[in-house]
Amino acid sequence: MITPYRPQEIEPKWQKRWEADALYRSVIDTDKPKFYALTMLPYPSGDLHIGHWYAMTPSDARARFKRMQGYNVLFPMGFDAFGLPAENAAIQRGIHPGTWTLRNVANMRQQMHTMGTMFDWQREAVSCLPGYYRWTEWFFLKLYEMGLAYRKKSPVDYCPSCKTTLAREQVVGEEHICERCGAQVIKKDLEQWFFRITKYADELLDFSKIDWPDKIRLLQTNWIGRSEGAEVTFSIAAEDLPADAAEGEGELVVFTTRPDTLWGATFMVLAPEHPLVERITKAESREAVASYKQQAARQNEIERLATDKEKTGVFTGAYAINPVNGARIPVWIADYVMMTYGTGAIMAVPAHDERDFAFAVKFGLPIIPVIARPDGLAKSFTFPGSVREGFRTELETAGIEFVATPVGDMGEGLFVTLRGDTQIEIYIALMQKFLLPNNWNEVVGARWAFIFTDGEKSEVCELNSVETDAAILARCKAIFPPVTPNRTCMEMLSSLPFYTDVLFHHEYGTMINSGPFSGTPGDVAKSQVIAWLAEQGRGKAAVNYKLRDWLISRQRYWGAPIPMIYCDSCGIVPVRYEDLPVLLPADAEIPKTGENALLYHKGFLHTTCPKCGGPARRETDTMDTFMCSSWYQYAYLSPYYREGDSVTGNDTPWDPAELAYWAPVDSYTGGAEHAVMHLMYTRFFTKALRDAGLLNFDEPMLQYRYQGIILGEPRDGDCVEVSGSWEGNAFQAHHIAVTPFDQRQNWPSIGKSESRVCGEVMDRDDVSLKVQAGDELVVVHVPEGLEIIIPGKESLGGLNDILYHLEVEKMSKSKKNVVAPDTLVATYGADTVRAYLMFGWRWDQGGPWDSKGIEGVVRWVNRVWALVMDAPRNRVPLDAATERELQRAMHTAIKAVTQDLESFSFNTIIARLMEFTNALGKAKDAAWESPVWDTAISHLLLLLAPITPHLAEELWEAIGKPYSVHMQTWPSWDEAMLAVDEIEIPVQVNGKVRGKIVVAANADEATVKAAALAEVNVRRYTEGQQVLKVIVAGRKLVSVVVR
RNA sequence: GGGGAAGUGUCGGAAUGGGCAGACGAGCAUGACUUAGGAUCAUGUGCCGCGAGGCGUGCGGGUUCAAGUCCCGCCUUCCCCA
């Protein structure tokens, strides 16, 4: 009698049993090694998504595996329950954010139970409950106490649609849009709370204590953006400072990563918002400066920083003194310098910085190279008719590369490329000999020289200072007046496209034109200049970070309140620890505008000052939700710890015994998209709590691995048959009949005519369809309210009911390409869904959903079931070889599955299990009910237990083993059992496989060699040839080399 | 523009202390059992060629007895940063 596999019956059965038995309750057991496995907690958005399954069930498999290996495993789950969507739902549906959230939590918790995970639900933590956020507030006070939380007025990213500020990390893309809603983010000056994460920048760059993927480490490293250089103080020229200037007011500290280029700093640029601008701007520049400041303020940061944008700026009229050479250099303002980056002032080295170069060329500011080109490349353009006969021949003789091209109607000019000092010297010498009077020639790039001649004697002028720049240019203007409009030599040279690639470079190289430092090699230039600056007191070594402090204020209701109070007499006063939690008022009404409800809630707003007892006002900003998730791994250890008790700042926020036993997290999994937010914040948080004496370790998660994303499945669009009429190129619909995409055989004939268009819908919007009518894409206009006939649908449909062609893209409800896990579970069972999610993709990569691929897993699971439950039809006698082969397959599977689980290679785990299953199927007729068979089957079930927990449990019971399979020990393999008696070895002749030999597994090299050379086909290829070499590569391959 | 990752059959993907490329699946094809099959089982399936054989891991070079794997130079896609 064949027993059918019914996951819909067995899965809920075991789930109930496990729960009743508290099988997955994790309690401290000092006799066992602990293992804290954690996967990122979901945001309670409504329904569980296939992505949650993809993230959580493989992590569960690994946690189960660790448990069977003898670890005491903790694998908790909770909800990251504060955040904007709840408020948006509140506005849209008139429901309290807490109600909406907790309803979703209940629903998703229920859905999660169907996954068959080993979550210990008694440790669940929901971050929006007072028992949780009391501690979130407590941590804020701690950080405030430690000087790690501070309030500052600063320009911050503000989303006008969400009506709240955002952390820098929550602003995405070139357009600077809000991560949540996609609106353009603007800059706003606001008083905000920050966490001093920058204090930990260097420690965050140290990944030596954690096993995290390179990708994440790199992302964090880049985000922190440490750069080493120097701080150099430039001073505004004394005469340009206002009379009432305070001591040191005119000092501008500049950070530069390239102190070796200091001698090339020919001007300074300040951010238009820089406070000194007002003070130093000369009367004649005042108007221009004022209007430029206004214009800059209107642009966003991205527009200002774009490298390809035309440079703009205004001269203030004031000068600064370059501290290394005392040069007076003009001070400009320009929008490409930000007040928020560094000090809001830069030294401009146009010869070696791209933006400074563009700026200097545009405004005629001097550009003096101070770093030699490391590639030795130089160029020269010889003007037609500027040299004597025979110059070309000399160049050819010298082996100098040039191209002769006609220039206008003036004859041929020579475009010369010089490589290395020797060629440059030869060229200059030749030029001195051949240059005709009343001409000049220049060499640019690796050398900056202008050659002039009066016919008798020639002169080489080096372009090496602002003074020589002016002198050379004056001589050129005298010789050739058309260059007169140029303000610098470099501006003149930049008009010749041939020179473009040699005028500017940003490599390190030997210092030139740098006073006493000229000649300093590139590899030591930076450090020597820094040492000298420090010695001279003109600057010092400095480190700069791209990382900003973490902005945690959010002007929203649905978040953990920032426990601070503003008192008119005492100023900013923290709420007393004993008074926590500051509760979110349940009766707050969320304004339709999305504004913070706390601003209008009098009961919340008005309080008394903890210091003086006088009337005071509460902080109405709430905390960024990343604050909640920065410590949730500790919340699970003793959820809602001491809820209801009054606690002090000296208490611990968790049960110390639980912390001592479980923390830190041993293995963490989740999405890579959190690389620079959650994953950096939680590291910072742990380090801060360590410094507060609350933790005694440095890193929250010792190991971390990320999973990819399951995308929507590509799909054909529905077919529409539209009758109507043409209006120009578009078709006006009068009537539409739909044939669904999955009924291709029923589609009407595709094409278009006078009154009809028929084809697949490629795209749609609110008023039209794009229909692929044969080769042509036709736009069909659909009048409002048009009846659309969809077969199998009772009522008439709307435009939105028509499915359009989908490429691979993210799942979204509006595209109707969402895969609902509940439906899959109902159809196939949780075990099959789990196995398919592990099998179908490389876990760290993800990819488009494939609704057909799951069938392979369905078949496999059914085969496993039948293997155990159904007796074979044809019994055959068991022979030793079959027995041996089955054992070998078993040990091979144990080894592979163990190693692959260890290394998160979930797809190959299933493949190896399938192979083992196939081997069992092959041996079944002979081995059924033999001791080898029983061992193999029970081991199969042990290997399956982490992957398909219900199936394994059901079959474990069916073969009469004691409950529960999940309390068994993980099997081990015997290396000796993997061996085979005979092995097949391929034999290559000159790199190509020409034959295969079968030898005893323990055959020595000589035997293998002899067998290889004796192989028939190998002999065909070696016949009559000289065997030069025979390489026996282990027992894997023999390579014969003949000639 | 800078940094990173990836590129393997029709598809998902195996295989890197260099050693038979394509495991395991999907799809497709043929056959068996069936009243029937989108069930199940069996067999086949990189490409070209009747065949011997040749060619094949984005493209072009190189190292090596041997390269998906190592080195050099390109191309494409995706991600992050500007």
Side-chain angles (χ1 to χ4, degrees), chain A residues 2 4 168-169 171-174 176 213-225 301-302 304-309 336 338 341 354-355 506 546-547 672-673 675-676 706 708-711 713-714 742 808 835-863 866 870 873-874 892-893 896 900 905-919 921-922 983-997 1017 1020-1021 1027-1043:
Chain A
I2 286 171
R168 172 68 192 87
E169 295 85 338
V171 181
V172 293
E174 288 182 25
H176 269 210
D214 289 346
K215 176 179 156 171
I216 304 297
R217 293 158 42 149
L218 191 77
L219 282 168
Q220 293 201 354
T221 303
N222 290 344
W223 189 262
I224 294 166
E301 215 164 286
I302 272 302
R304 284 176 58 164
L305 286 170
T307 36
D308 53 353
K309 164 181 164 268
Y336 75 94
M338 293 299 150
Y341 288 74
E354 199 178 350
R355 286 186 304 195
H506 50 63
K546 218 177 75 187
L547 181 72
E673 66 274 17
V676 293
Y706 56 85
I709 299 170
I710 297 296
L711 301 165
E713 187 170 25
D742 53 359
V808 174
Y836 180 51
L837 288 171
M838 292 182 218
F839 181 60
W841 302 262
R842 270 148 73 163
W843 194 57
D844 60 339
Q845 302 231 141
W849 179 253
D850 176 358
S851 49
K852 281 205 176 113
I854 196 169
E855 296 296 339
V857 177
V858 171
R859 287 198 269 266
W860 170 63
V861 169
N862 276 298
R863 273 206 303 279
D870 304 342
R873 282 174 236 159
N874 316 306
T892 307
D900 290 351
S905 306
F906 299 106
N907 55 345
T908 51
I909 291 168
I910 313 293
R912 298 289 93 84
L913 287 169
M914 284 172 169
E915 281 171 332
F916 184 28
T917 314
N918 292 346
K922 224 176 240 171
I983 47 171
E984 190 189 59
I985 303 175
V987 184
Q988 295 185 340
V989 179
N990 286 353
K992 293 203 166 124
V993 178
R994 295 303 184 185
K996 290 181 182 181
I997 53 169
N1017 205 43
R1020 261 187 62 205
Y1021 284 89
V1027 175
L1028 295 177
K1029 219 193 229 180
V1030 180
I1031 297 146
V1032 179
R1035 294 288 171 276
K1036 287 179 175 166
L1037 180 135
V1038 180
S1039 186
V1040 182
V1041 190
V1042 299
R1043 193 175 57 199

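Being a predicted model, the structure only gives us computed values, none of them experimental. By convention in this document, chain letters (A, B, ...) are assigned in the order of the sequence lines, proteins followed by strands, and residues within each chain are numbered from 1.
Residue contacts shown for L218(A) are limited to sugar-phosphate atoms, with no base heavy atom under 4.0 Å away. K215(A) comes within 4.0 angstrom of no nucleic acid atom, judged by non-hydrogen atoms across all strands. Note on Q988(A): a base of the nucleic acid sits closer than 4.0 angstrom, heavy atoms only. Across all strands, G995(A) comes closer than 4.0 Å to no nucleic acid atom at all (heavy-atom distances). Residue D214(A) is out of contact with every strand shown, counting any heavy-atom pair closer than 4.0 Å. Heavy atoms of Y836(A) sit nowhere under 4.0 angstrom from any nucleic acid atom.
In this model, the phosphate group of rA14(B) is not approached by any side-chain N or O of R912(A) to a distance below 4.0 Å at OP1 or OP2. Contact between the side-chain N/O atoms of K992(A) and the OP1/OP2 oxygens of rC55(B) is found at a separation under 4.0 Å. Between rA39(B) and R863(A), no contact under 4.0 Å exists linking OP1 or OP2 to a side-chain N or O. The phosphate of rA26(B) has neither OP1 nor OP2 within less than 4.0 Å of any side-chain N or O from K852(A).
Annotation: the span from K1029(A) atom NZ to N990(A) atom CG amounts to 11.5 Å, rounded to 0.5 Å.
Ring geometry for W841(A) against W849(A) counts as parallel: the plane angle stays under 30°, on a 0 to 90° scale with 60° as the upper cut.
Nearest-nucleotide assignment on RNA chain B puts the 5′-proximal partner with V1041(A), out of K546(A) and V1041(A).
For the pair R355(A) and Y336(A), the cation-pi criterion (under 6.0 Å, within 45° of the ring axis) is not fulfilled.
Whole-Å rounding puts the W843(A) CH2 to rA6(B) C1' distance at 19 Å. Rounded to a whole Å, the CZ atom of F839(A) is 11 Å from the P atom of rA23(B).
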